[in-house]
Amino acid sequence: MVSADRVSKSFGSNQVLKSITLTVKAGEVLCIVGPSGSGKSTFLRCINHLERVDAGRLSVEGQLVGYREKAGKLYELKPKEAAFQRRDIGMVFQRFNLFPHLTALENISQAPMRVKGLSKARATARANELLERVGLGDKGDHYPAHLSGGQQQRVAIARALAMDPKLMLFDEPTSALDPELVGEVLDVMQELAKSGMTMIVVTHEMGFAREVADALVFMDGGVVVESGNPREVLANPQHARTQAFLAKVL
């Protein structure tokens, strides 16, 4: 489903990603952990071309992300083409990024109507289904300001799912939540994983990584330091840097 081949990215003189290579199979859940500034979120944003890569190649389902290849050279897609490609990749951010002037139902139904051309009736019906799925069937007429952080994040997940994505990206989806609200978001994500959704999750929730992920990657300084089965990596990390990091968070 996802293939990264020697992906590099710099911001000015700061090289944030240094030749990242990894793969994610369809239906797998990959969790990426590591300290702040290690390049985790940047890598996630490169997967749907919210950030341009400087070197290497990223593909989803065998299709280059954000570029086309011609005569051995890569050419960046036009913004409209990249946006069309991005329809199949759902993303949930740390901050919920809901439209404050729209209800939960409207937040979810807007993109299918505007981008996919669904009728209002069909988009609304789908939005109601998704609200039920994330446990918010009675909150459709609520505005974001009247929802808790956990509820807003669940609406954000439903909004991403409304586009029927092949791949879901989660960028520390619980980091902005009060501790008692984390579980309700993780429960929705766990249900998604059980349904077979391919997911890449940047997270500090080691329990979630241990129980739900098929693979775990530890990043630091823009490189993949260690990867493998989540339970094995968390219980018996081989690299000294991984050991030091996990000693502080577990």
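Side-chain atoms are counted along with the backbone in the values below, which use heavy atoms only and exclude waters and symmetry mates. Since the structure is predicted, the reported quantities are computational estimates derived from the model, not experimental observations.
The hydrophobic cluster containing M163 does not contain L44, counting ILVMFWY residues as joined when their side-chain heavy atoms lie under 4.5 angstrom apart, directly or transitively. I89 and M168 fall into different hydrophobic clusters, where Ile, Leu, Val, Met, Phe, Trp and Tyr are joined by side-chain heavy atoms under 4.5 Å apart, directly or via other members. In this structure, I32 is not a member of the same hydrophobic cluster as L216, with clusters built from ILVMFWY side-chain heavy atoms closer than 4.5 Å. By the criterion of side-chain heavy atoms lying less than 4.5 angstrom apart, applied directly or through intervening Ile, Leu, Val, Met, Phe, Trp or Tyr residues, V24 is not grouped with V212; the two fall into different hydrophobic clusters. Linking ILVMFWY residues whenever their side-chain heavy atoms come closer than 4.5 Å, directly or via other members, places L234 and V249 in the same cluster.
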Verify side chain to side chain contact (heavy atoms under 4.5 Å, CB included) between Y67 and E69, making sure each step is shown before the conclusion.
CA-CA 7 Å; Y67 297 88; E69 186 173 11; over 6 Å; no

Apply the test side chain to side chain contact (heavy atoms under 4.5 Å, CB included) to residues F170 and I200: give CA-CA distance (whole Å), side-chain angles for both, the deciding distance (0.1 Å), then the verdict.
CA-CA 6 Å; F170 292 86; I200 302 178; over 6 Å; no

Please step through side chain to side chain donor-acceptor pair (under 3.5 Å) for the pair E226 and T242, ending with a clear verdict.
CA-CA 7 Å; E226 189 166 347; T242 316; 2.8 Å; yes

Verify side chain to side chain contact (heavy atoms under 4.5 Å, CB included) between L186 and Q190, making sure each step is shown before the conclusion.
CA-CA 6 Å; L186 294 181; Q190 187 165 6; over 6 Å; no

Please lay out, stage by stage, how L169 and R45 fare under the test side chain to side chain contact (heavy atoms under 4.5 Å, CB included).
CA-CA 9 Å; L169 309 176; R45 292 172 64 85; over 6 Å; no

Could you go through the salt bridge (charged side-chain N to carboxylate O under 4.0 Å, His left out) check for R154 and D187 one step at a time?
CA-CA 10 Å; R154 284 187 279 160; D187 286 346; over 6 Å; no

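Without hydrogens or angle criteria, N107 side chain to T103 main chain gives a donor-acceptor distance under 3.5 Å. Judged purely by atom type and a 3.5 angstrom limit, E51 has no side-chain atom pairing as donor or acceptor with the backbone of C46. Side-chain atoms of K139 never come within 3.5 Å of backbone atoms of L131 as a donor-acceptor pair (strictly under, hydrogens ignored). The main-chain N or O of L64 is found under 3.5 Å from a side-chain atom of Q85 such that the two form a donor-acceptor pair. Within the 3.5 Å criterion, the main-chain N or O of N236 finds a donor-acceptor partner in the side chain of Q238. Distance alone, capped at 3.5 Å, is enough to place a donor-acceptor pair between the S38 side chain and the P35 backbone. Of the possible polar contacts, none joining the N14 side chain to the V16 backbone as a donor-acceptor pair under 3.5 Å is found. Judged by distance alone, the side chain of Q94 and the main-chain N or O of S175 form no donor-acceptor pair under 3.5 Å.
For the pair V223 and S19, the minimum side-chain heavy-atom distance is 4.5 Å or more. At least one side-chain heavy atom of C31 sits under 4.5 Å from a side-chain heavy atom of T203. Counting only heavy atoms from C-beta outward, the side chains of L181 and S148 approach each other to under 4.5 Å. Two residues are said to be in side-chain contact when any heavy atoms from C-beta on lie closer than 4.5 Å; F43 and L58 meet this criterion. Side-chain contact check for M199 versus L192: some heavy-atom pair is nearer than 4.5 Å. Within the 4.5 Å cutoff, side-chain heavy atoms of P173 are placed close to those of M189. Counting heavy atoms from C-beta on, the side chains of T21 and V224 never come closer than 4.5 Å. Proximity of V134 to V155: side-chain heavy atoms (C-beta onward) are nowhere separated by under 4.5 Å.
A 6.0 Å sphere centred on OH of Y75 holds more than 12 heavy atoms belonging to other residues, nucleotides or ligands. Within a 6.0 Å sphere centred on NE2 of H146, other residues, nucleotides and ligands contribute 12 heavy atoms or fewer. When the shell of 6.0 Å around NZ of K116 is examined, it contains more than 12 heavy atoms from other residues, nucleotides or ligands.
Distance check: R126 CZ to L118 CG gives 9.5 Å after rounding to the nearest 0.5 Å. In this structure, CG in L30 is found 13.0 Å from CE in M1, a value given to the nearest 0.5 Å. Note: Q15 CD to S10 OG = 4.5 Å, rounded to the nearest 0.5 Å. Rounding to the nearest 0.5 Å gives a distance of 5.0 Å between CZ of R159 and CG of L98. Remark: K9 NZ to I20 CD1 distance equals 14.0 Å, nearest 0.5 Å. Taken from CZ in F245 to CG in L250, the straight-line distance is 8.5 Å, to the nearest 0.5 Å.
Considering T23, D214, V2 as possible partners of E28, the one that fulfils the side-chain contact (heavy atoms from CB on, under 4.5 Å) test is D214. Partner of E81 under the salt bridge (Lys or Arg N to Asp or Glu O under 4.0 Å) criterion, chosen from R86, R68, R87: R68.
Across every non-hydrogen atom of S109 and P112, the tightest pair is O-CD, 3.3 Å. The two atoms that bring P165 and G90 nearest to each other are CB-N, 3.5 Å, heavy atoms only. Listed here is the closest heavy atom pair of A156 and V92: O-CG2, 4.2 Å. Scanning all heavy atoms of the two residues, the minimum distance from G34 to K40 falls at O-NZ, 3.0 Å. Nearest heavy-atom pair, S227 versus V217, reported as atom, atom and distance to 0.1 Å: CB-CG2, 3.8 Å. Between E132 and G137, the shortest heavy-atom distance links the atoms OE2-CA, 3.6 Å.
Using a 4.0 Å cut-off between charged side-chain N and carboxylate O, E191 and K194 make no salt bridge. Ion pairing between a basic and an acidic side chain is recognised when a charged N comes within 4.0 Å of a carboxylate O; D5 and R57 show no such pairing.
Taking the ring centroids of H101 and Y143, they lie at or beyond the 6.0 Å cut-off.
D171 and S41 form a side-chain donor-acceptor contact under 3.5 Å, judged by distance and modelled atom types alone.
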